[in-house]
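Sequence positions, counted from 1, serve as the residue numbers for this chain. Hydrogens, waters and symmetry mates play no part in the numbers below; they use all other heavy atoms, side chains included.
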Amino acid sequence: MSRKQTEEQLSEVEQKYRTLVEQIPGVVYVSPINNTTKVAYISPQLQQLLGIAPEDWNFGFFNSWLDYTHPSDRDRLWQAVNTTIATGEPLRIEYRMIRRDGRIIWVRNQANLVFCADGQTQLLQGLVFDISDVYDELCLRKQVQESEARYRTILEDQTELIARGLPDGTFTFVNEAYCRFFGLERDKIIGQHYEPVVFEEDRERVFSLVNSISLENPVITIENRAIACEGVRWTQWIVQGIFDEQGMLVELQSVGRDITERKLVEQALSENEQKFRAIFNQTIQFMGLLQPNGIVLEINQTALDFAGINREEVVGKPFWEVKWWTISLNTQEQLKTAIAAAANGESIRYEVEILGRDAQAIAIDFSLRPILDESRRITLLISEGRDITEYQAALQERRKAEEALRSSQDFLQKVANTVPHILYLFDLLKGTSVYLNEKSATVLGYSPEEFCNADPHWFINCFHPDDRHLCYDIANRFVNLNDNEVLSTEYRFRHKNGEWRWLNTREVVFARDANGSPTQILGSVEDISTRKEAEVMLRQQAEGERLINEELQRLATLDGLTQIANRRRFDEYLESEWQRLKREQLSLSLILLDVDFFKLYNDTYGHLGGDDCLRQLASALKNIVKRPADLVARYGGEEFTIILPNTEIQGAIYVAQTIRQAVRDLAIPHAQSRVCDRVTVSLGVVSIVPNSEISPPDLINAADKALYVAKQQGRDQVHAVSVVIPS
């Protein structure tokens, strides 16, 4: 056979080989490891796998191949290839590649190390498959399995009470929290009706609500009393009906929680609200509570009676649209302006005429005050009004008297003595009063003559020591006072019987010299002692209300049995410390402990004995955990928890071990315990530097799982873990 014929046969065989290779559902490649690159080859399936034509491929194979390998998998692939080269073992690896269009795919690379005919050149001969679909299916199946397991774990670890049952009320499933709450074993609940755990007086209402579930009303919420292991407790249930394709009810699912503490707080708040409302409605002033935009939130009965209207005509409406202010458009606009100013932080007060009962125009002294919250944000406006009709009448009479004074002393005397306040004329040059009406004897016990003939030093000594500064340099107080401009002053003055009386003096310039300087002052004096006493009482009342609210807030975060923090306070404090330590990147540790075989303890010594045991444990915990930043709380039932900010795992373990020994040292007898003849506790400890990857509930779950391990390992011990950030 000639050389040419041989070459033609070889070419034909090579073509058949290539045709066969190009039918394989994967990329076939031959890549040299050393020496020449003439034998390098890659099959056309490269176009389908990576979107790259073989003719565009760079036969510096590994450099090009690594360029299209996912960055996270490059080192792993390179190490696997080097192992094959070093040992001669076959290559088998799965990794990610990036197509030219940017899509990421999973591939399986299988190859063998061979030598060329020259015995020197090493070749890596292999096949690359796209396994993305298979890999995705396996991942999905794994996720489903993990999700199902996680669901079951969450369901059993829930602190909420979870139950399922048939439409007739028979249980088909309850979680562990349900069993703990009612003190019943699971196998004694399944197959039974829920009636026995419902408080007798609530059963008819509960049955009626459950029976109302339908396609149109598939979910209901019930609050009722339940017969729990700790006695009668208030519970809240969300019950959902499950229906088949024909719309028939086939199952009931319930999620419940203990709301006893909330109910007790609501009852206490309701009782206090009734007392506050009684005080609010019986005050003689008109009082209202407004939103910053002027919408009425509340109004007292005095204000309603004043205008002869009812509460429904006022609450929820703009203040200026209520009957009182409809006397004129100007009055309404004036009020709108006042509300806007108060909403910006100003305290407003002015006198205005409004409509009273039977459409009568009544003058009131009206004020608006802003109320700020802890962040200095205005949240409410308080309005107050006082009927000053009599005062206005007296003021008008006084003005008439002032006019008459200029023409007739005799007329002044007659008019002045009809005014309910002291009227006087004070001479700034002489430093004494030159006229007083007879009301001086009624109000202060001194006759007009005693005042007019008094020594200036005696007059000054009648002022309260804290108010005597008003008597010095009197003339300068009136230098810049315009005609008809009123100077109002409040001070204390000694009555002739020795009592201190609060007075309000309103003064105007009565006469001036040729230079315009004041020489005589006309004034009126009103005894405001009663008003001042009322103001003191109101301040005391407000202080009392503040103290009551603070006590209510304290009670709302305190466990009634053990007098330590309750679950609500625990949740609030854990969240705040989590955020703080997350910012500062410092450690936070949590201890969760449970009294071993506490149900048996209650069965043996009774619930009163159980309560006393819990109180002793709480006291021991408080004696051990004393740092101001640490918090001891009752987590629920016989469970306690300790929050330890700025504490790493070793410190938390030390605290937990100290607690475990301290409980044993209490030597509280426990005849039915299966680990000791005295009360013991199991403790779960976790520690972490808070971060954005997990949340406080994750930390609680980790502590609960650590506690579960401590129990599984025999109880009366500490199990600790450090929470790892998920990758």
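- Ion pairing between D603 and K599 holds under the 4.0 Å rule for side-chain N and carboxylate O.
- Counting heavy atoms from C-beta outward, L289 and I382 have side chains that approach closer than 4.5 Å.
- The two residues V210 and L252 make their nearest non-hydrogen contact at CG1-CD1, 3.9 Å.
- The main-chain N or O of D611 is never found under 3.5 Å from a side-chain atom of Q616 such that the two would form a donor-acceptor pair.
- Salt-bridge check for R567 with E261: failed, with every basic side-chain N at 4.0 Å or more from each acidic carboxylate O.
- I162 CD1 to Y178 OH: the interatomic distance, rounded to the nearest 0.5 Å, is 12.0 Å.
- Judged by distance alone, the side chains of S673 and R715 never bring a donor and an acceptor atom under 3.5 Å apart.
- Using modelled atom types, one side-chain atom of H607 and one backbone atom of C229 make a donor-acceptor pair closer than 3.5 Å.
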Residues Y635, F570; criterion ring-ring contact (aromatic ring centres under 6.0 Å, His included); working and verdict: CA-CA 8 Å; Y635 193 72; F570 166 78; 5.5 Å; yes
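- Residue-environment remark: OH (Y708) stays at or below the threshold of 12 foreign heavy atoms within 6.0 Å.
- Between the side chains of Q579 and E575, at least one donor-acceptor pair of N or O atoms lies under 3.5 Å.
- Inter-residue side-chain proximity for T172 and E251 is flagged as met; some heavy-atom pair is nearer than 4.5 Å.
- Among K711, R674, R678, R660, the single residue meeting the salt bridge (Lys or Arg N to Asp or Glu O under 4.0 Å) criterion with D716 is R660.
- No side-chain donor from either of T379 and D373 sits under 3.5 Å from a side-chain acceptor of the other.
- Not one N or O on the side chain of D202 forms a donor-acceptor pair closer than 3.5 Å with the backbone of V198.
- Contact check for V663 versus T680: no side-chain heavy atoms found under the 4.5 Å cut-off.
- By the 6.0 Å and 45° rule, R164 does not stack over the aromatic ring of F171.
- Without hydrogens or angle criteria, S208 side chain to E204 main chain gives no donor-acceptor distance under 3.5 Å.
- Figure legend: R233 and F181 shown without cation-pi pairing, the cationic atom not lying both under 6.0 angstrom from the six-membered ring centre and within 45 degrees of its axis.
- In summary, the aromatic rings of F207 and Y194 are positioned with their centroids under 6.0 Å apart.
- Of the possible polar contacts, none joining the R186 side chain to the I189 backbone as a donor-acceptor pair under 3.5 Å is found.
- L372 places none of its side-chain heavy atoms less than 4.5 Å from the side chain of R377.
- When only modelled atom types and interatomic distance are considered, Q236 and E223 share a side-chain donor-acceptor pair under 3.5 Å.
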Candidate pair D571 and R568, rule salt bridge (Lys or Arg N to Asp or Glu O under 4.0 Å), full reasoning: CA-CA 5 Å; D571 290 338; R568 173 183 175 184; over 6 Å; no
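- Other residues, nucleotides and ligands place more than 12 heavy atoms under 6.0 Å from the CZ atom of F243.
- S589 and S687 share a side-chain donor-acceptor pair at under 3.5 Å.
- Listed for the N691 side chain is a donor-acceptor partner under 3.5 Å among the backbone atoms of V689.
- Neither side chain, S682 nor D594, offers a donor N or O lying under 3.5 Å from an acceptor on the other.
- Under 3.5 Å, the side chains of N217 and S214 contain no donor-acceptor pair of N or O atoms.
- Between the side chain of H719 and the backbone N or O of K705, no donor-acceptor pair lies under 3.5 Å.
- A salt bridge is absent between E346 and R369; no separation between the charged side-chain nitrogens and carboxylate oxygens falls under 4.0 Å.
- With hydrogens and angles left out, the side-chain atoms of W237 and T235 include a donor and acceptor closer than 3.5 Å.
- Taking a cutoff of 4.0 Å between a charged side-chain nitrogen and a carboxylate oxygen, R203 and E200 do not qualify as a salt bridge.
- No side-chain donor-acceptor contact under 3.5 Å links H670 to the backbone of L600.
- In terms of modelled atom types and a separation under 3.5 Å, the side chain of T562 and the main chain of A618 share no donor-acceptor contact.
- Here the side chains of Y601 and D596 are not in contact, with every heavy-atom distance at 4.5 Å or above.
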